[in-house]
Structure formats: C-alpha cells, structure tokens
2 protein chains.
Amino acid sequence: METTTLFKDATKEEIALAMEKSWEAFLIYKKFSLKQRADFMRAIAVALENIRSAVVPIAMEETHLPEGRLNGELTRTIFQLNNYAGAAEEGAWLDARIDTAVPERKPAPKSDLRKMLVPLGPVVVFGSSNFPFAYSTAGGDTACAFAAGCPVIVKAHPAHAHTSEIVADAVLKAAEKCNMPEGIFTHVHGASFEVGKALVMHPLTKAVGFTGSLLGGRALFDIANQRKEPIPVFAEMGSINPVFLMQDKLQHEAESVAKMYAASITQGVGQFCTNPGLIIGVEGEGLNTFISVLSKEMKKIEPANMLHPGIAKAFWQKRKQALEQKGVHTEATSEVQPEELQGAPTLASASAAAFLNNPVLHQEVFGPYSLIIKCKNADEMKQVVLHIEGQLTSTLMATNEDMSSHPEILDAIQDVCGRLIMNGVPTGVEVCLSMQHGGPYPATTDSRFTSVGADGIRRFARPLCYQNFPDHLLPKELQNANPLGIWRTVNDQLTKDKIK
Amino acid sequence: METTTLFKDATKEEIALAMEKSWEAFLIYKKFSLKQRADFMRAIAVALENIRSAVVPIAMEETHLPEGRLNGELTRTIFQLNNYAGAAEEGAWLDARIDTAVPERKPAPKSDLRKMLVPLGPVVVFGSSNFPFAYSTAGGDTACAFAAGCPVIVKAHPAHAHTSEIVADAVLKAAEKCNMPEGIFTHVHGASFEVGKALVMHPLTKAVGFTGSLLGGRALFDIANQRKEPIPVFAEMGSINPVFLMQDKLQHEAESVAKMYAASITQGVGQFCTNPGLIIGVEGEGLNTFISVLSKEMKKIEPANMLHPGIAKAFWQKRKQALEQKGVHTEATSEVQPEELQGAPTLASASAAAFLNNPVLHQEVFGPYSLIIKCKNADEMKQVVLHIEGQLTSTLMATNEDMSSHPEILDAIQDVCGRLIMNGVPTGVEVCLSMQHGGPYPATTDSRFTSVGADGIRRFARPLCYQNFPDHLLPKELQNANPLGIWRTVNDQLTKDKIK
C-alpha cells in the first residue's frame, strides 16, 4: 500500500508521551458531565458530516469499497455517535443504585450506599480493516469510550491510514471546539505489531477495543493479560456464522432462501464479520434445490476488489486450503475470471462427517465464501451444532413446523452465539440497544459485552460505590434530588423519583 | 490440619466426570424459570438453617472463629441466598432490551431485536479461608451462579473441608427436594493446587469465582487466560484498604477515630479483605494523638487464634518483613504474649518518603496489622494516593472543612478503589444492590464486576439477542405480553408494559 508509507510508525517514546497526555486528559474528562460528553460526541458527528465529500474518495481509494457503501457507513458512524451520545446522557447505562441508610437497624446500623459506573481510564482502539469509518478511528469503540468518560488512543489501520488521519483531524477539531482537554484523543500510526504491543503494554492504558482477526485479537488479549496489571480487552475476531436450513423451510422456499443467501454471502465481497460462512442442511430434494439455485446465483456474481492485498492473499490461501480438504466439493465459483486483488464468490460443500473430523473446515475464509454441510438427518445436524466454536451469530431458516419438530436445534444453537436470527441473514448489524455483537470465544474475548449498541459503553466503565457520603459531595447522578432525572434503583425499586 | 486428611483430593478423572455431569445439568437448568432458580436458592437457605447447630461447632473447630461470628456469618449466607433469589426472580438484572420491527424503514426495514442475559455454563467456585460460609460452599459466588442459571462446582477450602462437606450435603438435599438435575452442584476436595488447575482448565468450565490471595487468584487467572478458550475469572484478592485522615477531622476527633479504628483493625483477628492496613495522615498534633490513642487501644487487645496455621505463619512472616524495612517504626503490639497460631495486634508507622520508595510496604499483611504513613503535607498525601495500587475500598476521615480545602484528595482516591467510605470503617460489607466489592487490580481481576450484592449475578451471564423471532419461541422474559412482569427497555424506554 503506497499510502501507508506516508505515515511513520509511532516510536516507543511517542507512545509513552501520548499515554501520559491521555492520562492527564482522563483526570479532567472523567469529571465532565454526561451532557458535556454527549455534546462532544455530537460535535464529532457534525465534523464527520463536514468532511464527507473530502474523505469518502480517499477511503474509496484505500479500501476499494464503493462510494455508496462508504457513504452509508459514514452515515452509520454519525448515527452511532449521536445514538450513544443520547444513551450516555439518558444515564440508564450508569446502573445507578442507591440504598438509603437504616440507622436504627439491629444489630448494626446500615450505612447509606450509592453506586454508579465510572470510567476506567485511557482506552486504546484498534481500527478494523473492513469498516474504515464505523469500526475505526471515530467508530463504535471510540464512541463508547468517550461516552463512558474515557480518553481514546486510536491506532490507525495501516490499510486506510490516510482516511484515518482525516477522520482523526475531524475528531480533534471537535475536541477543540468543545474545549476538551489536550490528550482526549490521540491518533497514532503503526504498520508493525510493535506499536500495538507498546500501546497495550503501557501501564496507563486501562482497556482495549479491537476488531480484526483471531490471530491479532488473541495476541493483544494475551499481552494485556500478561501485564502486571491485566486490563480488559474486548476483541471482536470474526465468525463463520452458521446458518441452519430446516427441512420444511427448504421444502417450501429453497429457491427464495438461496437467492437471499447469494446476496448475503457476496455482499461487500464477503468482508463482514457476520458473513454466513457455513450453511448446514439435511440431505434431500430441498437441500439439492437450494444448492443448485445458490450455485447458479453465485456464478453470476462478479469478482470484486478486496480491501487490501493482504486480505485478498489470505482469501485465496484459505480458500485453496479449504477446497483441498478431503471430502470438500467445489459447488460454484464466479464465472468471471478474477483480477489480482479481487475475491471471487465461491461455494463449497462437504458431508457432516467430513466437517466433524476436520478443524480446517471450521476456520473462517474471510471473503465471499461459504461451505455447505450436508447432514444425514437432524441428529447429525445437532452433532454439528455441538462441535461449532463460539460465534457472533447463528441463523435458523425454519417454519413453525420445523421448530415444533426439532426444538433441540433451537435450544442447542443458543449456546454457541451472541445473536440468533430467525429466517433472515446474519449480515446487517442494527445499531440499537438490543443488539448483541459479541459471542462466545473465539467470536470475541468476552461474551459478556457487545461492541455494537449503547450497551457497549459498559465495556469501559466500572462501578464505584460511595458509602456514607454527604449529598453535596456525591456525583449529581446519585444526589437525593436526582437533578439529572435519570433512572435509578432506589432501595431495590427502579425509579426517577427524588429521595425523600 | 488433621481434618483435611479426611477428604481425598479429587483425581483428574473425577474432575472430568464432574464437569461432564455439570454440563449435562447446565443444558437442563438453563431452561428452568427464574422462579425455579429462586425456589432452589430459597430451599438451600432453609437447608442451611436446618444444619446450623450441627455445622457451627465444626466450623469453630476448623477455623477458630468464635460461635457468635460464625452464627452471624451463617445468617448472612442465608440472607444472601434469599436476597439474590429475590433479585433473580425480579428480573431487572437480565437487562432485557427490546427494539420492535420497523418494516417500513428506508433504505432497509428494521428487524425485531430482543436481548437478555443468559447463563454462561458451569461455574467453578473456590471457597475462601476467611468466610467459611458466606464466601465458600454455598456463599456469594455459588448463589450468584445459581441465580444466573449456571451449575456450580465448589472446590472446598482445605482449611474447613469438613464444614464445606456438611454445607455441600445441605445444598445437595435442597437440590433433590427441588428436582434439580443431577450435577447442578458438585463438591470436590483439593488440598493441592493441581485440583484447582484441572478445574479451571477443563473445557466445560465457563467461569470461575475466587476469593483468596493475590498469588492464588493470579495463578488461576493466568491459567484461565492461557486456555484455548479463555474464560472469565472473578478473583477477589484482598486489599490494604487505605484510610486517609484529614487534618481538621483529626484536630477535632483524633481520639474517637482512633478507637473506631482499633476495633476495625483487630476485628476477626484482622482477617477481612476490607481490613484497614494502611492509614495515611499529615504530621502534627492530631496525628500524634491519633497514633498514641490507637497504640494504647491496640496494646490492650489480646492475640487470638488465626484461621489456620498457614495464615498465622504468613502473618508473622509478612509482619516481620514489614517491620524490618528501613524507616518502619513499631508503634504498638498487643501486651499479651501470643500463643502459637495466634495473631497479635500490631501497629507500625513510616514516613511517606519511605512508603513511596518501598514496594514491600504496599503489600498486604493479612491479619491484625496496620501501617501509619506520616505525610509532611497534603501534597505528599496526594503523592501517596497516586502510588497506591488498586483497592477494594478507600476511606476518608474528613470534615466538610477538609473536603472543601482538599477536594483533590477525594478526586484522586476515586481512581484506586471500588468503594469509597466517608467517616466510617471499611470492614463490614453490606449485602445490597448498591454494594461494590471489587476494585482495580490487584484488588480483583475485573473491576467491572462485584462479588457482593445481586449485581454479582451478572458475572456469570452474557447477553443473547433474538432477531425476528416469533413471539411463542422467545423466552417468557422477552415475549410481547411480558408475562413475568419484569422491567424491560422497550424502544429505549424502561417499562413493565406489554408490547402493543
């Protein structure tokens, strides 16, 4: 990538300085009100809108993603900032809990106790390659950290370093406009792993957000846990997003389901963490129709440029490795010959027995690729479920009839994923409070959190309890008068009421 | 300990079998209703009351804790089970979120999305030495795991293995009475580290709760993170619980504060994780009075048996090491000569400079020991705050005058602890929703969670999102009619209302 050479890797000294400034900023920013945080986030949203026409062409050049997609993603990024700003200000995420004193209690009086979430400290964010806006520089992790009250240090993804630089400038301008402390946001470049390592190891780093590969995410997770003071790492590391095709569904709708999936598998050249990489069905006429229609559809779809040469190379390597496995049959590839750096839609199939015995077939082939698993019967399908690793999503294509005859499948797939989809496609991740984007390992490093939706703010905050504090020394969120009007659990009752 | 030899360490094979049974139980228990879980917990509470007269004498023998304390602790354990059962059933902890579909939305329709917490799977609980009931076999971690929908495997603490065995029997009887699946609760013995290691490493273990030493907790944390599939470990590893004595407070109340602290430091032979092990004040008459009264009080307090020989040995070793450090002055020790296995109240002092330069003085001396740090002025006190590691609690002894003249101290100590106490003692941990028992490392391994209070349930659960599900296939908690009448966030509004 010619663009990456424009930006020099940060040195250890630069990183140390950045972290110290970030900590200084934390000591100021943590005391800012929810409204100040929200206003800052909204100012970033405005700043992003202002750079739209300048940044989208550069992102197109760097990522090979089409203009429409990038414009849509930028809109989503702006929406996220505004949405999380609203959630931050609304305050329910703080989990404010108040238990008032009972001085007359026997044998010992009960103290007044009040608890709410407070920020962890500086958060290091690793931009993703596949979402240059929404999960990069001013993306979901950054928005969640700002909402939580944490400064952010972004390591730009080297594949779209220029885009990242422009977005970072917009964030910094918004910070200046909102009188944020210096160090509230830092943007560093780092093509080498050493930069990321130094950021995660720095003692002033208090949490990490990452979106990328299993290899990269696990490496950062391991570094963070080997620190003297371990810190939480939320790494979202992709998935093969299994889709279970039930028999009655296939009998009635094989063709329309196949068409729906052809689009989902190849959307954005398959470069989504929720791309359906594994499709499981029971042998029979329905599955045959599904495969034949899906093959026909996928052959028609033209190859397209992938995000960067590294991703294209990995796609072809992993695809080759998968297709060479024993018992794997190539069902369809795009009829158009791919150019260099392009990914070509590919459909393969294998028996459940082959899948169950071969870990290679459980690995993600990041790109427009999907593997169909043919099961002998529903029992074998259940065996497949039991052998699948943790996933961001699982999907059931099923009629009510299917569900009443095979409740065990629905039951079993709940244990392997963070989001369970009925009669839809896993691609398309809604930004809302009920979204869960995080699943059992290796989908993410901590299934108890999400990286999409305002609940993601909680990744970067911890509860702090105030015992026996005079009202005026408490944060506003916990004062008797509830001046911010937020939801609080007072003596085990959720309420917005004042106390007394 | 003669009693430990009665119980053999579990073998690897026994552990593997136990984990498999636990997993089978999980597949059944996870589908039980909140009411069934709560009823089971309440049945355990009843069973514990029934064994009170049988188990307390044995616990006295094993732990050397007095009858009154053990009876109180058993009562607290019963309260915890009932309290968390109530919270589990009330359902707010599930964080139910619903965003209803918007089929007409452009450019793409919005799906119906509903999310709630679901159990992680089998939880391994390590009983603590200092709370044979409340943080052991049927203690807080076990209660939280059952509430979350997880089976539990307890590794008995070898120092009170017999007590643990009797409590385990009571849990198993309650399980039988409530028709719980076999494997819902497993009790294993293990005096060697290998047993704990094997439990944490087993692939079917999905989370760990631990209360004990930094060494032990960190070792389990490291093992859990080095697994192919890392799992969350909530380890509560103690604290020195700094207490900041502000000048105006000392000027007016040095004597009464000293008396209050003499009791707190020596309560239960100092064997509490919230024991005040570090007291920081500014040199002057107030501090001198405080030290002299505290010394006088502590000299009067007699030595008493510690929990077990290992703890007594560690107390004397660490005490010796601390007192031998350069600049450390022994202010007072109990006037009565301690017997073997007893801990003797000890008060030491050092300058802030000595403390700042010597990591040994930052270490916990588990037992009736406290170190007073004499600062030259408030600036030096702030330096001390900045050099303190993560703590369960911090305490401020301060008047309003102190707080208005030194807000920077209140501000700074918020960053190092999970609970902040004003004009009280850190010992005495209330069981309620607003309690935070968990702080920045090394107090605990994840400051984002608590091990006391019903919020501790969340340690063992993760969100699962249902997309586009027909109402009848959703868990009751997420169905339109809200049949359980729980709090839910529906389209960003907290409500108990039905949908439509």
Side-chain angles (χ1 to χ4, degrees), chain A residues 31 90 92 95 97-99 108 110-111 113-115 118 120-121 221-222 225 229-230 232 390 400 403 410-411 414-415 417-424 428 430 432-436 438 440-442 445-448 450 455 458 461-470 473 487 489 492 494, chain B residues 31 90 92 95 97-99 108 110-111 113-115 118 120-121 221-222 225 229-230 232 390 400 403 410-411 414-415 417-424 428 430 432-436 438 440-442 445-448 450 455 458 461-470 473 487 489 492 494:
Chain A
K31 288 187 273 185
E90 192 261 347
D95 283 340
R97 280 99 162 74
I98 296 173
D99 287 282
K110 185 178 170 301
S111 296
L113 289 153
R114 304 182 184 216
K115 180 171 77 169
V118 298
L120 288 180
F221 175 80
D222 288 343
N225 284 312
E229 177 199 351
N400 277 339
M403 285 291 77
L410 172 59
D411 183 41
Q414 311 211 4
D415 295 329
C417 69
R419 179 164 56 108
L420 200 50
I421 300 137
M422 185 68 83
N423 295 321
E430 197 69 43
C432 60
L433 197 59
S434 55
M435 175 50 63
Q436 174 61 12
Y441 189 90
T445 45
D446 194 340
S447 66
R448 295 173 300 173
T450 179
D455 275 336
R458 288 184 180 171
R462 65 182 179 90
L464 177 61
C465 171
Y466 300 80
Q467 180 171 329
N468 196 29
F469 262 59
L473 290 180
W487 281 103
T489 304
D492 292 330
L494 256 170
Chain B
K31 288 187 274 186
E90 192 261 348
D95 283 340
R97 280 98 162 74
I98 297 173
D99 287 281
K110 183 176 171 302
S111 294
L113 289 153
R114 304 182 184 217
K115 180 171 77 168
V118 298
L120 288 180
F221 176 80
D222 288 343
N225 284 312
E229 177 199 350
N400 277 339
M403 286 291 77
L410 172 59
D411 183 42
Q414 310 211 3
D415 295 330
C417 70
R419 179 165 56 107
L420 200 50
I421 300 137
M422 184 67 84
N423 294 323
E430 198 69 43
C432 60
L433 198 58
S434 55
M435 175 50 62
Q436 174 62 12
Y441 188 89
T445 45
D446 194 340
S447 66
R448 296 173 300 174
T450 179
D455 274 337
R458 289 183 178 171
R462 66 183 178 91
L464 177 60
C465 171
Y466 300 80
Q467 180 170 330
N468 196 28
F469 262 59
L473 290 180
W487 281 103
T489 305
D492 291 329
L494 255 171

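What you are looking at is a predicted structure, and each value in this text was computed from that prediction instead of being measured. Letters go in sequence order (proteins before strands), and every chain restarts at 1.
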Heavy-atom side-chain contact between [X] and [Y] under 4.5 Å:
| X | Y | result |
| --- | --- | --- |
| A:Cys432 | B:Leu113 | yes |
| A:Arg462 | B:Pro440 | yes |
| A:Met422 | B:Pro470 | yes |
| A:Leu433 | B:Asp492 | yes |
| B:Gln436 | A:Arg97 | no |
| B:Leu120 | A:Arg448 | yes |

Inset, instruction - Under 4.5 Å, counting heavy-atom pairs only, tell me which of A:Leu410, A:Asp222, A:Asp446 racks up the most with chain B. - result: A:Leu410
Legend entry - Which of A:Ala108, A:Gly428, A:Cys417 touches chain B most, by non-hydrogen pairs under 4.5 Å: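 Heavy-atom pairs under 4.5 Å are most numerous for A:Cys417.
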Legend entry - A:Pro463, part contacting chain B, at a heavy-atom distance under 4.5 Å: both
Legend entry - A:Leu494, part contacting chain B, at a heavy-atom distance under 4.5 Å: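 Both backbone and side chain.
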Less than 4.5 Å to any heavy atom of chain A: does that hold for the side chain of [X], its backbone, both, or neither?
| X | answer |
| --- | --- |
| B:Leu464 | both |
| B:Thr445 | neither |
| B:Asn400 | side chain |
| B:Thr489 | side chain |

Legend entry - Under the side chain to side chain contact (heavy atoms under 4.5 Å, CB included) test, residues paired with B:Asp415 that sit two or more places apart: A:Phe26, A:Leu27, A:Lys30
Inset, instruction - Please determine, among B:Glu90, B:Lys31, B:Met403, the option with the most heavy-atom pairs under 4.5 Å with chain A. - result: B:Lys31
Legend entry - Leading residue by heavy atom contact count with chain A [cutoff under 4.5 Å; candidates B:Arg114, B:Met435, B:Gln414]: B:Gln414
Inset, instruction - Look only at the side chain of A:Asp99 and the backbone of B:Ser434, and say whether a donor-acceptor pair between them is shorter than 3.5 Å. - result: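 The answer is yes, because a donor-acceptor pair under 3.5 Å joins these two groups.
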Inset, instruction - Mind checking ring-ring contact (aromatic ring centres under 6.0 Å, His included) for B:Phe469 and listing every partner two or more places apart, or none if nothing turns up? - result: B:Tyr466
Legend entry - Point-to-point distance, once rounded to the nearest 0.5 Å, from SG of A:Cys465 to CD1 of B:Ile421: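 Interatomic distance, A:Cys465 SG to B:Ile421 CD1, rounded to 0.5 Å: 8.0 Å.
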Legend entry - Salt bridge A:Lys115-B:Asp455, side-chain N to carboxylate O under 4.0 Å: yes
